[in-house]
Amino acid sequence: MSAGNREGLTDPNTVLLCPTDEVLSTGSPVLVVIRGERLGARLDISGGPLVIGRSSESDFRIAARSVSRTHCRVSQQGQSVWVEDLGSTNRTFVNDEVIDRRQLRDGDQLRVGKTVLKFLGPDNPEAHYLAEMHESSIRDSLTGMYNRAHAMQVLEEEFRRSQRLADARLVLAIIDIDWFKQINDEIGHLAGDAVLVHLARVLGKALRAGDTLARIGGEEFALIMPDTSLQEAHQACDRLRQRVADESFLTDCGKRLEVTISIGLAEATPQMTEFRELLGEADSHLYDAKTAGRNSVRSRAA
Ligand SMILES: Nc1nc2c(ncn2[C@@H]2O[C@H](COP(=O)(O)OP(=O)(O)OP(=O)(O)O)[C@@H](O)[C@H]2O)c(=O)[nH]1
């Protein structure tokens with residue numbers, strides 16, 4: 001977004017911070033997608049039985065016609081892990097053999113439709129490597145935040161959940177830095193990058209458990225807030241906006257800046273048919289926030 005002029009970009013007090021590395025935990029048996037959509041996604045089996053299927057109620061959903069609504073179930077029994085076909089049309093395969101029920105062994109490949117998942121026992125060293133590969137594929141390299149692709153996947157899943165469960169509310173916030181082009185033009189692209197990194201840290205620190213924050217564009221972020229009402233989200237985002245406005249940002253060349261953000265919100269409603277409607281509504285409220293002068297939060301409620 002852009003328009004108008006901004007004054008007082010620099011401010012003399014700030015600290016530049018870097019994103020922290022996230023520790024990747026392995027240690028329990030997992031299934032890792034090695035072919036198909038969501039490559040690298042991990043299913044932790046230790047948390048209880050998992051149903052794989054096309055239905056939105058599945059624990060791991062594969063949206064393909066070759067996959068039955070409830071295709072197979074994977075469960076841990078004592079130290080062993082079992083897979084059981086649930087009467088699927090196109091059958092379940094382990095290492096290319098049709099199975100009804102079978103114990104999974106380290107390195108086995110489970111095929112459901114065209115998706116292949118590799119079973120890795122708790123001590124398999126490949127698990128850590130695959131976890132790191134997956135982690136880097138869902139992160140933005142500059143800020144360390146989740147990237148757009150991951151945000152869209154989380155948003156779609158949370159949207160489906162909110163449609164399925166009557167009391168599961170969902171709010172999406174689109175956060176956009178104000179006058180960012182001016183920061184780049186006046187101080188330089190590296191300064192702009194430093195602001196993005198610092199902002200990622202400020203937003204990340206304010207995150208509540210269950211929320212997902214991602215960088216979805218150059219200077220645009222998405223905050224996905226499940227189980228939150230529009231009013232609660234509006235208040236939380238206004239606190240976030242204030243926190244950013246109070247922060248002092250340091251650029252690569254030692255200049256200090258005041259930075260503000262504008263936020264547009266949208267809440268999932270039963271009338272919506274797909275998650276992109278949330279993006280459209282949040283974007284339109286973001287536009288309202290920009291035209292109302294920036295450094296503000298806008299939603300259907302206000
Ligand atoms: N430094 C840096 N700049 C980026 C990056 N990605 C996008 N940008 C810049 O972000 C700026 C976005 O500018 P506009 O869309 O005009 O928005 P704006 O200046 O923030 O104006 P408003 O949103 O209307 O307040 C452009 O100058 C892009 O080049 C990046 O990764 N690093």
Side-chain angles (χ1 to χ4, degrees), residues 1-11 14-22 135-152 172-206 212-223 234 237-266 276 278-299 302:
M1 303 232 172
S2 108
N5 284 309
R6 181 186 191 275
E7 287 179 27
L9 271 180
T10 54
D11 164 310
T14 315
V15 187
L16 176 64
L17 301 163
C18 301
T20 48
D21 286 334
E22 204 161 283
E135 188 65 18
S136 65
S137 77
I138 60 175
R139 295 279 172 185
D140 163 51
S141 58
L142 177 66
T143 61
M145 280 178 165
Y146 287 123
N147 60 24
R148 184 182 179 91
H150 184 70
M152 293 307 114
L172 168 71
I174 305 284
I175 302 167
D176 190 280
I177 304 178
D178 297 328
W179 309 113
F180 192 59
K181 184 172 183 309
Q182 207 171 330
I183 295 175
N184 275 325
D185 291 351
E186 290 183 10
I187 316 176
H189 204 267
L190 285 177
D193 282 359
V195 166
L196 289 167
V197 171
H198 191 154
L199 181 68
R201 171 61 72 88
V202 174
L203 297 178
K205 274 201 288 194
T212 300
L213 178 65
R215 183 180 178 206
I216 59 167
E219 25 87 75
E220 197 170 77
F221 306 87
L223 176 58
H234 198 109
C237 283
D238 204 49
R239 284 194 297 272
L240 203 59
R241 178 201 61 73
Q242 190 61 53
R243 194 176 287 208
V244 172
D246 291 342
E247 185 84 14
S248 186
F249 288 75
L250 183 71
T251 68
D252 62 310
C253 54
K255 280 198 171 182
R256 298 179 190 278
L257 302 177
E258 286 169 7
V259 172
T260 61
I261 52 174
S262 296
I263 306 179
L265 296 175
R276 285 188 185 79
L278 278 171
L279 286 165
E281 188 181 326
D283 248 339
S284 112
H285 290 304
L286 173 62
Y287 184 78
D288 296 341
K290 292 282 182 181
T291 51
R294 298 174 175 79
N295 190 20
S296 66
V297 182
R298 286 288 186 276
S299 66

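Atoms within a ligand are numbered from 1 in the order they appear, just like the ligands themselves.
Arg298 has no carboxylate O lying under 4.0 Å from a charged side-chain N of Asp288, or vice versa, which leaves the two without a salt bridge.
Side-chain contact between Tyr146 and Thr212: present, with at least one pair of heavy atoms (C-beta onward) separated by less than 4.5 Å. Proximity of Leu199 to Phe180: side-chain heavy atoms (C-beta onward) are nowhere separated by under 4.5 Å. Inter-residue side-chain proximity for Ile177 and Val259 is flagged as met; some heavy-atom pair is nearer than 4.5 Å.
Which parts of ligand 1 touch Gly192 is read off a 4.0 Å heavy-atom cut-off, strictly below it: atoms 1 (N). For ligand 1, the atoms sitting less than 4.0 Å from at least one non-hydrogen atom of Leu196 are 30 (C), 31 (O), 32 (N), numbered in the order shown with element in parentheses. Every atom of ligand 1 with a heavy atom of Asp178 under 4.0 Å away is listed here by number and element: 20 (O), 25 (O). Residue Asp176 approaches ligand 1 through these ligand atoms, each under 4.0 Å from one of its heavy atoms: 23 (O).
Among Lys181, Gln182, His189, the residue whose heavy atom lies nearest to atom 13 (O) of ligand 1 is Lys181. By heavy-atom distance, the residue among Arg215, Glu219, Lys290 lying nearest atom 30 (C) of ligand 1 is Arg215. Considering only non-hydrogen atoms, atom 9 (C) of ligand 1 lies nearest to Asn184 out of Thr291, Val195, Asn184, Thr143.
Formation of a donor-acceptor pair under 3.5 Å by the Ser262 side chain with backbone atoms of Asn295 is found in this model.
At under 3.5 Å, a nitrogen or oxygen of Phe180, whether backbone or side chain, sits near a nitrogen or oxygen of ligand 1. Below 3.5 Å of separation, one finds an N or O of Ile177 facing an N or O of ligand 1.
For the side-chain contact (heavy atoms from CB on, under 4.5 Å) with Arg243, the lone residue among Leu203, Val202, Ile261 that qualifies is Val202. Each of Ile263, Ile216, Leu265, Leu278 was scored for a side-chain contact (heavy atoms from CB on, under 4.5 Å) with Ile174, with one residue passing: Ile216.
If you look at Leu190 next to ligand 1, there are no close heavy atoms at all, none under 4.0 Å.
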